[in-house]
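Take a look at the structure set out below.
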2 protein chains.
Amino acid sequence: MTTEQMPGRVVPTLEAVAARAGVSRATVSRVVNGSPKVTAEVVAAVERAIADLNYVPNRAARSLASRRTQVIALVLPESTAKVFADPFFASIVQGVALALADTEYTLNMVISSETNPDKTRRYLMGGNVDGALVVSHHSGDHSYAQLGASLPLVFGGRPVSESEHSSYYVDVDNVAGAQVATQHLIDRGRRDIALITGPQDMPAGLDRYTGWKQAMSQAGLDTSLVAYGDFSPASGSDAMRRLLADGRRIDGLFAANDQMAAGAYSAIHEAGLSIPGDIAVVGYDDDNFGLMSSPPLTTVHQPSIGLGEAMARVLVRLLAGEPVDRVTLLPTELVVRQSS
Amino acid sequence: MTTEQMPGRVVPTLEAVAARAGVSRATVSRVVNGSPKVTAEVVAAVERAIADLNYVPNRAARSLASRRTQVIALVLPESTAKVFADPFFASIVQGVALALADTEYTLNMVISSETNPDKTRRYLMGGNVDGALVVSHHSGDHSYAQLGASLPLVFGGRPVSESEHSSYYVDVDNVAGAQVATQHLIDRGRRDIALITGPQDMPAGLDRYTGWKQAMSQAGLDTSLVAYGDFSPASGSDAMRRLLADGRRIDGLFAANDQMAAGAYSAIHEAGLSIPGDIAVVGYDDDNFGLMSSPPLTTVHQPSIGLGEAMARVLVRLLAGEPVDRVTLLPTELVVRQSS
DNA sequence: ATGAAAGCGCTAACAC
DNA sequence: GTGTTAGCGCTTTCAT
């Protein structure tokens, strides 16, 4: 069956409200927008009329006249969408949505296709949104940085290129998180602590490497036990196997994310070693992988919902013309379980 | 520091394009909207002008004039947002976003606060969106059903109340999925197959119960080994403990989702029983819980991204006035691993 | 403090 | 096939 289109306007216009309240449209507009210079009585009358008529302002008209859209875009690269399975991204989206729910802004999710990135760029620049949040895993995705000149932009995750240091971004303090994780292993008496890190073109990979190295150096420990993965479980087992194959002594492992830690688990067990008996393991992300593994994984918890919220809030403040720090770093928290 | 507001319009108007192409605004509009009755040459000229000027249509103006918003809302109840951790929801969002990326529609994520549901209702009815997708876990959330009369609506998940049978919905075929899962256990030679199901005010809980019962009945098996959970891991262990405490023989278990199956694992192991040796287990959802558990969980895979895509497509077709089935059921697939 | 009036950029009859 | 002409519903000077 087919659907008939909706009948004319279901909702009354501002004009109807004005008529009912016995004032001009301009006044109704003022009341709706909370202008201070309207008599209390008039405000009351207008508000009653609004309630009686069940009036809802038309966004399109408002936007056209005011040249503001009240729309904030959340841009996710398609590749990110594919790894949407990563609960981290899901939480960011959730955080953004939650933070925006309390504002006048509407959340517009945009999946920017890799095949046609210009489409997204043009959409963003076409005056269709007041600002955008860009979340990405890979450095390349900061190709949007240029847009920052003409459209308020807030990035999730530190830009890789320092030339982008002029942009606003919110990030979890990866260096500190990795530092604390590694220090925890050191405090537990481990000395030969290996690192499985992520791609070095990704800030998360880089920064966690840095944190590990800082902690190790400060403790006067060797920083050469390093293997690289791509944040996937499979790459974690591979990396661990390579580490073990080297034949060097290892009694601790810091994996730059839980998925790789989970992968490392298999390799460690394969080798007939125990966790944490032979090798104490700490991961990063606090996702399900770590929760469900046995032994449960000690890991670094990231405020992922908080990250989304913070991004949204920074942008909203930016749009309001309020002063905002270009960099917002969110603290992490070590969650100690049985693997260390 | 504060941010200066953007300078005037960065993007040219349709009028500028018209001038440059030497035609009227109406013609440019026709070209932009793909009207068939424009000479090929004129189309070419206009398109060149558009490209030269880097013109992007203004959504607000277009929407105001056409009385269409080109916006589709994706409504998530706040409680759902909290269980956003559930990868299933994340995937639905992803599917919707992907499906909509190919259309002219824009995705507007709305988190409807439970404390003020009218805000969402008013927003939806205020002519701000062309249609809405409503995804919910709980039956009560179909409180939006009434809106279906005035706004094209597509639900994710079967409505609980049959009085809502007039609405459009897309769902995974839970009954069939549970049936197949249970039949699999039967085929493996299990006879005393318990069920841990979800709340019976949720279609997923209800339908999976139904599927299990159907399979059991058809095989002439007893259908009284039932415990209820709330889809959380904790409720799964509790339910399993209750089941085992009953003292009745159990050699198979169908859990209505993987999280509860994971919970059941602990209870089974606690009791000193083995999986699948003593009890073969099948879950439902195919999420990380099942993947990472040991032994890896046999489960029912749901096309969650597909569900989101299907919802979006149904709505788009609805909006286009094309005929659409009120009910769209998506097939599931049994993923056999080592737990059965 | 309030009203009148001029658009915002586009679409949709209606003419030609 | 193309141009003309009204608006869409709201905000925003500018008067008063």
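In what follows, chains carry the letters A, B, and so on, assigned in the order in which the sequence lines appear, proteins first and then strands, with residues in each chain numbered from 1. Quick caveat: nothing in here was measured; it's all calculated off a predicted structure.
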Starting the side chain at C-beta, find the nucleotide from [options] nearest to [X].
X	options	result
B:Arg25	D:dT2, D:dT11, C:dT11	C:dT11
A:Thr27	C:dG3, C:dC8, C:dC10	C:dG3
A:Arg67	C:dG9, D:dT11, D:dG9	C:dG9
B:Val23	D:dT11, C:dG9, D:dG3	D:dG3
B:Ala26	C:dC10, D:dG3, D:dC10	D:dG3

**Message:** Determine whether B:Tyr168 and B:Leu153 satisfy the following criterion, side-chain contact (heavy atoms from CB on, under 4.5 Å), listing intermediate values before the conclusion.
**Reply:** CA-CA 7 Å; B:Tyr168 289 82; B:Leu153 237 48; over 6 Å; no
Quick one: are [X] and [Y] in side-chain contact, heavy atoms under 4.5 Å?
X	Y	result
A:Leu14	A:Tyr55	yes
A:Ile50	A:Val46	yes
B:Asp171	B:Leu330	no
A:Tyr105	A:Val316	yes

**Request:** Tell me what A:Arg59 touches on the nucleic acid: a base, only sugar-phosphate, or nothing, going by heavy atoms under 4.0 Å.
**Result:**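 No contact.
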**Request:** Enumerate the residues from residues 32-47 of chain B whose closest heavy atom to DNA chain C is under 4.0 Å, giving them by residue number; use none for an empty result.
**Result:**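 Output list: B:Asn33.
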Interatomic distance where [atom1] belongs to [X] and [atom2] belongs to [N] [whole Å]:
X	N	atom1	atom2	value
A:Leu14	C:dG3	CG	P	12 Å
A:Gln70	D:dC10	CD	P	15 Å
B:Leu64	C:dT11	CG	P	11 Å
A:Ile50	D:dC10	CD1	C1'	13 Å
B:Glu15	C:dG7	CD	C1'	12 Å
B:Asn58	D:dC10	CG	C1'	14 Å

**Message:** Determine whether a donor-acceptor pair (one donor, one acceptor, N or O, separation below 3.5 Å) exists between the side chain of B:Arg30 and the base of D:dG3.
**Reply:**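 It does, because a donor-acceptor pair links the side chain of B:Arg30 to the base of D:dG3 below 3.5 Å.
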**Request:** For A:Leu329 and A:Val172, run side-chain contact (heavy atoms from CB on, under 4.5 Å): C-alpha distance rounded to whole Å, both residues' side-chain angles, the deciding distance at 0.1 Å, then the answer.
**Result:** CA-CA 5 Å; A:Leu329 282 186; A:Val172 166; over 6 Å; no
**Request:** Look at A:Arg62 and D:dT11 and indicate whether a side-chain polar atom (N or O) is within less than 4.0 Å of OP1 or OP2.
**Result:**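 Affirmative; the distance criterion is met.
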**Request:** Return no unless some side-chain N or O of A:Ser24 is found under 4.0 Å from OP1 or OP2 of C:dG3.
**Result:**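 Answer is yes, contact under 4.0 Å.
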**Prompt:** Considering the terminal five base pairs at each end of the helix from C:dA1-D:dT16 to C:dC16-D:dG1, what angle separates the two local helix axes, rounded to 10°?
**Reply:**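 End-to-end axis angle: 30°.
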**Prompt:** Between A:Asn108, A:Thr106, A:Asp130, which is the residue that forms a side-chain hydrogen bond (donor to acceptor under 3.5 Å, both in side chains) with A:Thr69?
**Reply:**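 Answer after filtering A:Asn108, A:Thr106, A:Asp130: A:Asp130.
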**side-chain contact (heavy atoms from CB on, under 4.5 Å) partner of A:Val38, the single match among A:Val28, A:Val23, A:Asn33, A:Val31** =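 Exactly one pass, corresponding to A:Val31.
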**Item:** Steps toward side-chain contact (heavy atoms from CB on, under 4.5 Å) verdict (B:Leu100, B:Thr103)
**Value:** CA-CA 5 Å; B:Leu100 252 30; B:Thr103 71; 4.1 Å; yes
